[in-house]
Participant: 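Okay, handing you the structure first.
All of these numbers come straight from a predicted model, not from anything done at the bench. So you know, we letter chains A, B, ... as the sequences are listed, proteins then strands, and number each from 1.
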Protein chains: 2
Amino acid sequence: MHILVVEDEKKVASFIKRGLEEEGFTVDLAHDGEEGVNMAMDKPYDLILMDVMLPKMDGLSAIKTLRQNNIQTPVLCLTAKDAVDDIVSGLDSGSDDYLTKPFAFAELVSRTKALIRRNSHDRGAELVFADIRLDPVSHKVWRADQEIDLTTKEYSLLEYFMRNPNQALSRTMIAEQVWDYTFDTFTNIIDVYVNYLRKKIDRNFDKKLIHTVRGVGYILREPE
Amino acid sequence: MHILVVEDEKKVASFIKRGLEEEGFTVDLAHDGEEGVNMAMDKPYDLILMDVMLPKMDGLSAIKTLRQNNIQTPVLCLTAKDAVDDIVSGLDSGSDDYLTKPFAFAELVSRTKALIRRNSHDRGAELVFADIRLDPVSHKVWRADQEIDLTTKEYSLLEYFMRNPNQALSRTMIAEQVWDYTFDTFTNIIDVYVNYLRKKIDRNFDKKLIHTVRGVGYILREPE
DNA sequence: ACAGCCCCATGCACATCCTGGTTGTTGAAG
DNA sequence: CTTCAACAACCAGGATGTGCATGGGGCTGT
């Protein structure tokens, strides 16, 4: 679950980032409106958290720009307490919900989850492929009803596979989704983690589910 | 958690209803003061959300009527921004908190939760998890019928765990609930206090109840 | 002044992540 | 069929991150 946080105050930004990551989200940061728009257009996010007061381009204009470019990612707006009028124009310009500063973090989390739940029908539901089960909420994974312990990175990688089964996934695509926004292409980190995953997911089972597509990448599918 | 919303404007009423339901509350609607009083006397609610300007019987009189009939359900009053005088008489007539229109919805939710929390705290019901008992009134704690001496902070921390058992609690959430920290991420105070708690709660017992969830926070649960 | 509590800073232990190198595999050209 | 180059799998060790334990300083109430 990827969230883009657009917030210029570094303290607030990193506070939100850390808190959301503890809740199991993957968080990217943008520090002004322009950067926010660029990042949101580059990569599909599940939610954008947008401060209204921003350098270069304010939050509301940023949302408008996104909507004009047909980016329909839901947006949760952060606004100063007294700027009630902003809220109205915020909803006008395409924001889906708002939160006034200062806010309780618990509040932010529940709004965030509500928006994501509302906007993505099947998200949050358990993912199943063959005899693998994956719970995106608790980040737990089972194969054949036996729980499997994964690290954060291993989990994200598997989640990406589970959301795109039976499709060959290129290293570039995997890097974008599972690793950071900018990425160094000359590393074998993905191979390494696929290897880790195979050890935990496939090694003790007859039916191998993670396959290599030579020259392309990897694929999650039933063996022939 | 059942909430009664007394509000004549249909748009506002259904907006509030929908929002609160998304937060997990069950919401009934009444459209004027009389209906509100009848419903509140019929069925015990955890909270009443009362508009002041209402047909048939205004909100303040409704509250008075309820209190005269010994209904002590907490009331959150909604009032127009300029009617500050109303607020005072509102508090007089037995309202527990108020909110001026127009309000941010997040504000409404957090006040709602605060009121319900405050009220259920006061019931002072003893909290029990496994063989830990905690009395919110006297702030005393027992494990296996043996009293355990905790400092104020240790106690608040444990109480938070006891009110949210079997859930991973992130450091951010703990900091917000137990300390009043908002943006201070550069301290290990929570780790330190969890350590204190473990010494007193878990150290002398076989069954450890406070567990670490790496990268997330802590959880109170039975060992596997 | 002292004791108790709260909080901070530090150092250690260990899990996780990543890099670089080595070995193994594949498929096409000779 | 053999050879070779490209690609993938695997391994080992170092860097980084995260949590735990502990000592001590500041503050407050006695």
Participant: Do the side-chain N or O atoms of A/W179 get closer than 4.0 angstrom to the phosphate oxygens (OP1, OP2) of C/dC18?
Facilitator: yes

Participant: Do you know the tightest heavy-atom contact between B/P223 and B/K208?
Facilitator: CD-O, 3.4 Å

Participant: Keeping A/R198 on the side-chain end and A/I210 on the backbone end, is there a donor-acceptor pair under 3.5 Å?
Facilitator: yes

Participant: Round to a whole Å and report the spacing from CG of A/D191 to P of C/dG20.
Facilitator: 14 Å

Participant: Select from A/R18 and A/V194 the residue whose nearest nucleotide in DNA chain D is closer to the 5' end of that strand.
Facilitator: A/V194

Participant: Exactly one of B/L157, B/L169, B/I190 should register a side-chain contact (heavy atoms from CB on, under 4.5 Å) with B/Y218. Which one does?
Facilitator: B/I190

Participant: Can you tell me the distance, in whole Å, between the CD1 atom of A/I189 and the P atom of D/dG14?
Facilitator: 17 Å

Participant: Is the shortest distance from a Lys or Arg side-chain nitrogen in A/K207 or A/D131 to a carboxylate oxygen in the other one below 4.0 Å?
Facilitator: no

Participant: Starting from P on C/dC7, measure out to CD1 on B/I174 and report it in whole angstrom.
Facilitator: 14 Å

Participant: Do A/N188 and C/dG21 have a side chain to base donor-acceptor pair shorter than 3.5 Å?
Facilitator: yes

Participant: Per the end-axis method with five pairs at each terminus, what is the bend angle of the helix from C/dA1-D/dT30 to C/dG30-D/dC1, to 10°?
Facilitator: 10°

Participant: Quick one: A/L197 CG to C/dC17 C1', roughly how many Å, whole number?
Facilitator: 14 Å

Participant: Taking only side-chain N and O atoms of A/T151, does any of them lie within less than 4.0 angstrom of OP1 or OP2 on C/dC17?
Facilitator: yes

Participant: What is the minimum heavy-atom distance between B/N166 and B/F129, and which atoms define it?
Facilitator: ND2-CE1, 3.8 Å

Participant: C/dC7 P sits how many Å from B/I190 CD1, rounded?
Facilitator: 11 Å

Participant: Hey, which sits more toward the 5' end of DNA chain D by its nearest nucleotide, B/R198 or A/G217?
Facilitator: A/G217

Participant: Given atom CZ of A/R171 and atom P of D/dA6, what is their separation to the nearest angstrom?
Facilitator: 16 Å

Participant: Do A/K200 side-chain atoms and A/D149 backbone N/O form a donor-acceptor pair below 3.5 Å?
Facilitator: yes

Participant: Within less than 4.0 Å of OP1 or OP2 of C/dC7, is there a side-chain N or O belonging to B/T187?
Facilitator: no

Participant: So does A/N195 get a side-chain nitrogen or oxygen closer than 4.0 Å to the phosphate oxygens (OP1/OP2) of D/dC10?
Facilitator: yes

Participant: Is the side chain of A/E9 donor-acceptor paired with the backbone N or O of A/K11 at a distance under 3.5 Å, no angle test?
Facilitator: no

Participant: Closest nucleotide of DNA chain C for A/R214 versus for B/L150: which of these residues is on the 5' side?
Facilitator: B/L150

Participant: Please report the distance, rounded to the nearest Å, between CG in B/L169 and P in D/dG19.
Facilitator: 14 Å

Participant: Check the distance between C/dT19's P and A/K153's NZ and give it to me in whole angstrom.
Facilitator: 11 Å

Participant: Using 30° and 60° as the class limits, which term best fits the ring planes of B/Y155 and B/H139: parallel, tilted or perpendicular?
Facilitator: parallel

Participant: At under 4.0 Å, does any side-chain N or O of B/Y218 touch on OP1 or OP2 of D/dC20?
Facilitator: yes

Participant: Can you find a donor-acceptor N/O pair under 3.5 angstrom joining the side chain of A/Y196 to the base of C/dC18?
Facilitator: yes

Participant: At under 4.0 Å, does any side-chain N or O of B/T212 touch on OP1 or OP2 of D/dC20?
Facilitator: yes

Participant: B/T152 side chain N/O closer than 4.0 Å to the phosphate oxygens (OP1, OP2) of C/dC5?
Facilitator: no

Participant: Select base, sugar-phosphate, or nothing to describe what B/V192 touches, counting heavy atoms under 4.0 Å on all strands.
Facilitator: base

